[in-house]
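Comments concern the structure below.
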Amino acid sequence: YVCIYYIIIIPKINTHCHADHITSTGLMKKRLAGLKSAISKFSGASADIHLKEGDKIPFGRHSLTVRETPGHTDGCITLVTGDQTMAFTGDALLIRGCGRTDFQQGCAKRLYQSIQEKIYTLPDHCLVYPAHDYLGQTVSTVGEERKFNPRLTKSMEEFVEIMNNLNLPKPKKLGI
Ligand SMILES: N[C@@H](CCC(=O)N[C@@H](CSS)C(=O)NCC(=O)O)C(=O)O
């Protein structure tokens, strides 16, 4: 008999250009022939596909829509499913937190605007999947974050003050 395998490969999409996110892409491309890489055109990184606001990445019967959410870096994007039930926020919005803004193009004002305009405008029930969590949490919702995120229930001025005083140690091996 003849067995035909259809393999549908969607691009390896990086939400931004930090080493802890992009490093696996080259290795994956070597192992999976035809795999394409994708990242924001504002990331400064080379890739097969450069993404911008509103771009759609189809897969099966679904798609992901790109929302530009700069602030942690210039090229940060959030990927939203076509039905707006899920958002992959990278390092922009974290659960009860957000990406730091103290190095590599970080800008607290821009991040605040990105989250208010591009993530908090999604429906309350939209699930939020961030790229990091340091407490073992895996998912939140837009509604929960709008209500309970201690950094983002504040004014922009208060947010900037919080972000300027996080005093986090610099992550090691983040240079690219
Ligand atoms: N030292 C901590 C925090 C690591 C860290 O800086 N994480 C980044 C994302 S990777 S650049 C970040 O934006 N954190 C925001 C925050 O509020 O922690 C650890 O490793 O646990």
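Just so you know, ligand 1 is whichever comes first in the structure, and atom 1 is the first atom listed for that ligand.
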**Request:** Return the set of residues passing side-chain hydrogen bond (donor to acceptor under 3.5 Å, both in side chains) with Lys118 (not counting sequence neighbours), or none when no residue passes.
**Result:** Glu53
Pairs under 3.5 Å, N/O atoms on ligand 1 and on the protein: can you put them in a table with the distances?
unit_1	atom_1	unit_2	atom_2	d
ligand 1	6 (O)	Arg100	NH1	2.6
ligand 1	7 (N)	Tyr134	OH	2.7
ligand 1	13 (O)	Arg100	N	2.7
ligand 1	17 (O)	Arg151	NH1	3.2
ligand 1	17 (O)	Arg151	NH2	2.8

**Request:** Could you note down all residue pairs passing salt bridge (Lys or Arg N to Asp or Glu O under 4.0 Å) where residues 78-101 supplies at least one of them, sequence neighbours left out?
**Result:** Arg96-Glu144, Arg96-Glu145, Arg100-Asp102
**Prompt:** Got a sec, which residues hit ring-ring contact (aromatic ring centres under 6.0 Å, His included) with Phe148, two or more places apart in sequence or on another chain?
**Reply:** none
**Prompt:** His125 versus Thr141: any side-chain heavy-atom pair under 4.5 Å?
**Reply:** no
**Message:** Can you classify the ring geometry of Phe159 versus Tyr112 as parallel (below 30°), tilted (30 to 60°) or perpendicular (above 60°)?
**Reply:** tilted
**Plane angle bin for His132 and Tyr134 - parallel if under 30°, tilted between 30 and 60°, otherwise perpendicular** = parallel
